[in-house]
Amino acid sequence: MDSPQAPEPATVHTIDFGALSRNLAGTLYEPGAPVYDDLATPWNLAVQTSPAAVVEAANAADVVECVKFAAANSLPVAVQATGHGIASNLDGALLIHTRLLDACTLNSDSNTAQIGAGVTWATVLAQGADLGLIGLCGSAPGVGVAGYTSGGGIGPMVRSFGAASDKVRSFDVVTGDGELRHATAQSEPDLFWGLRGGKGSLGIITGMEFELLELPVIYAGALFFDTAHVENVLRIWAQWCPTLPHTATTSVAMMQLPPMPGVPEPLAGRFTIAVRYVFVGTADDGATWLAPMRSAGVLLMDAVGPMPSSMIGLVHSDPEDSMPAAERSTLLADFPREAVETLLEAAGPDSSSPQLMVEIRQLGGVLPQLPETPSALCHREAGFGLHSVAVGPPPELPAFGAHAEAMIQNMAPWAYGGSLANFATGNGAGAFAESYTPSVLAKLSTLARHFDPENVFRLGQVPAR
Ligand SMILES: Cc1cc2nc3c(=O)[nH]c(=O)nc-3n(C[C@H](O)[C@H](O)[C@H](O)COP(=O)(O)OP(=O)(O)OC[C@H]3O[C@@H](n4cnc5c(N)ncnc54)[C@H](O)[C@@H]3O)c2cc1C
């Protein structure tokens, strides 16, 4: 990212990190320390990161110290909770790791959660289980709440309840000028707007409060079909989606899962398709709406039924372990019959596709309804999200990525334009700009100049300003 007003970076080896370290309650690690590698390694092992130093922040004051130190030494600042959304190699950056900011309190009187920036959805789900409360988590419980929510947060119940960022009440955030601020719709309306969708471009969230839903049980899970049925299931799914009420959220995934621990035996080593489904309502109604998909082919596994909402991670069963991966993503306006056939040509069972998974998530439902308090989240009106993941040895990943890009290019006639910030990670430098409309991007850039005058967050997602 260009940064015209940023001073020339100092040479990293001339920086005395001891001066910062002495002011921290947490710990600073430089390259060579074993904990440095642990903290700096992202979920996608194909991205080799090389921050100048990593600070395991113990509190918000540590984050303030880091941001001020970085500004004084012309270092970029980056933030990591779980590493699920690594977007650059963090070269020469001061990386703030938030895993120690792990306080998580759920309040069943106000139906809210108060969390530190290092908390993952798994913790919120586990605590909510006893109270019958759930937040609008994503498909993978291992993802960090702050990173996910700051990117909008489009989860497996998105058609029923919208984006997670619409449920935020407040953020505690350290802006690029080193100020710790409490941002609400009233107290810091512009910052509050930008933190809900703009990712880490304006500040580092240290804590946040958001609303929970009273929803102890959902009718949810996945149907799995074998290779011979993949094409037909995808065709039927595409016709079925427009008939669904907003109480149902669904996605479909063509998968080639290797035989390995954690992969159910019937799915291992073959080309399958999964229809994921979350219905908010009675089990009878959920089953009635799902019936056309249950009869779409011979089922390998039927794992849909009533379940505690805290088990929602089972719907996608995303991989938990780190791996080298090439991800690509785009948004579709529509997914008609011709689009289905085009996708099958590129990624169907007869395509020799190298993708581990090609997933289409139906959007719509209540997502396009704008929240009372506007936010920076864009592209709410898109019809579907298309996302691919290939896994393999790093030297092979560029070819797998190129295959995905060609697939996305073939889908151009049905493109919505752009992608969602949370899914744009693998799309390459500059792709985050496509997550925003020009006017939202311009406003984010203006706010970034105000809240981050030294441009310490120049590795973040808001492009050149
Ligand atoms: C398996 C998998 C499943 C996913 N499923 C979904 C899904 O269903 N829906 C969805 O919307 N997204 C999904 N994502 C994307 C995910 O939400 C983003 O990658 C998110 O940024 C991850 O946040 P993290 O903190 O876990 O990751 P990190 O890599 O630690 O952080 C990624 C980015 O988040 C921002 N960020 C993190 N912490 C802070 C902070 N304290 N303050 C400010 N910014 C911060 C920064 O921009 C940072 O670079 C998924 C990703 C994976 C790998």
Side-chain angles (χ1 to χ4, degrees), residues 39-45 47 49 51 57 60 63 67 76-88 90 93 95-101 115-122 136-158 162-165 171-176 183 191 194-208 249 251 253 276 278 312-313 315-323 325 327 329 356-357 359 361 363 367 377 379 385 387 389 391 419-426 432 435 457 459-462:
L39 294 177
T41 301
W43 180 83
N44 184 352
L45 298 175
V47 183
T49 59
V63 179
V67 170
V77 176
V79 59
Q80 187 159 304
T82 71
H84 273 88
I86 189 74
S88 83
L90 311 178
L95 176 62
I96 299 174
H97 206 287
T98 59
R99 72 177 175 185
L100 295 185
L101 306 180
I115 61 142
V119 169
T120 65
W121 278 112
L136 292 182
C137 59
S139 58
V143 161
V145 179
Y148 165 86
T149 308
S150 66
I154 304 296
M157 297 195 290
V158 67
S165 51
F171 293 102
D172 294 312
V173 57
V174 179
T175 43
L191 189 55
L195 290 170
R196 290 173 305 132
K199 296 217 66 129
S201 47
L202 302 179
I204 296 183
I205 298 160
T206 57
M208 53 188 275
T249 301
S251 67
R276 290 86 158 254
V278 178
I312 195 166
V315 174
H316 283 241
S317 292
D318 284 334
E320 289 172 15
D321 295 336
S322 307
M323 55 187 71
E327 298 180 79
S329 183
L356 179 82
M357 183 193 79
E359 166 187 275
R361 297 187 183 198
L363 303 174
L367 178 62
L377 175 63
H379 304 332
H387 187 64
V389 182
V391 171
S419 53
L420 294 166
N422 270 354
F423 292 87
T425 310
F432 280 101
S435 306
F457 298 134
L459 296 181
Q461 276 98 28
V462 175

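Every number for a ligand or one of its atoms is a count from 1 in the order of the listing.
- Summarising the geometry, atom CD1 belonging to I204 is positioned 13.5 Å from atom CG belonging to D172; distances are rounded to the nearest 0.5 Å.
- In terms of polar-atom proximity, defined here as any N/O pair under 3.5 Å, P319 makes no such contact with ligand 1.
- Residue-to-ligand polar distances keep D318 apart from ligand 1: every N/O pair is separated by 3.5 Å or more.
- Residue T425 has no N or O atom closer than 3.5 Å to an N or O atom of ligand 1.
- Proximity of A164 to ligand 1 is not established, as no heavy-atom distance is less than 4.0 Å.
- Within the listing of ligand 1, atoms 41 (N) sit less than 4.0 angstrom from a heavy atom of A117.
- At under 3.5 Å, a nitrogen or oxygen of A81, whether backbone or side chain, sits near a nitrogen or oxygen of ligand 1.
- Heavy atoms of G83 approach ligand 1 to within less than 4.0 angstrom.
- When only interatomic distances are considered, the shortest N/O to N/O separation between V143 and ligand 1 does not fall below 3.5 Å.
- Within ligand 1, the atoms closer than 4.0 Å to a non-hydrogen atom of G144 are 24 (P), 25 (O), 26 (O), numbered from 1 in the order shown.
- Across H84, K199, M323, heavy-atom proximity to atom 20 (C) of ligand 1 is greatest for K199.
- With ligand atoms numbered from 1 in the order given, ligand 1 contributes 7 (C), 8 (O), 9 (N), 10 (C), 11 (O) to contacts under 4.0 Å with heavy atoms of I154.
- Residues G151 and L377 approach most closely at O-CD1, 4.2 Å, considering heavy atoms.
- The two residues P51 and L95 make their nearest non-hydrogen contact at CB-CB, 3.9 Å.
- Minimum heavy-atom separation, A164 to L136: CB-O, 3.3 Å.
- Residue E327 places no N or O, backbone or side chain, under 3.5 Å from any N or O of ligand 1.
- The nearest pair of heavy atoms linking T120 to P141 is CB-O, 3.7 Å.
- Considering all non-hydrogen atoms of both residues, A81 and R99 come closest at O-CB, 4.5 Å.
- Put simply, the side chain of S165 gets close to the backbone of G152: a donor and an acceptor are under 3.5 Å apart.
- Side-chain atoms of Q80 come within 3.5 Å of backbone N or O of L39 as a donor-acceptor pair.
- Looking at P42, G85, A78 and measuring to atom 19 (O) of ligand 1, the nearest heavy atom belongs to G85.
- Side chains of S139 and D318: a donor on one and an acceptor on the other come within 3.5 Å.
- Checked by distance only, ligand 1 and G155 stay at 3.5 Å or farther apart across all their nitrogen or oxygen atoms.
- Inclusion of T82 in the set of residues having an N or O under 3.5 Å from an N or O of ligand 1 is warranted.
- Less than 4.0 angstrom separates some heavy atom of G200 from each of these atoms of ligand 1: 43 (C), 44 (N), 47 (O).
- The aromatic rings of H84 and W43 lie parallel to each other, with less than 30° between the two planes, well short of the 60° mark.
- At least one heavy atom of G153 sits under 4.0 Å from some atom of ligand 1.
- At under 3.5 Å, a nitrogen or oxygen of R361, whether backbone or side chain, sits near a nitrogen or oxygen of ligand 1.
- Separating the NE2 atom in H97 from the CG atom in L100 is a distance of 9.0 Å, to the nearest 0.5 Å.
- In terms of N/O distances under 3.5 Å, ligand 1 is not approached by G138.
- Near I204, meaning under 4.0 Å from one of its heavy atoms, ligand 1 places the atoms 42 (N).
- The ligand atoms of ligand 1 that sit less than 4.0 angstrom from a heavy atom of I86 are 29 (O).
- Of the possible polar contacts, none joining the T149 side chain to the A146 backbone as a donor-acceptor pair under 3.5 Å is found.
- Side-chain atoms of T49 come within 3.5 Å of backbone atoms of A40 as a donor-acceptor pair (strictly under, hydrogens ignored).
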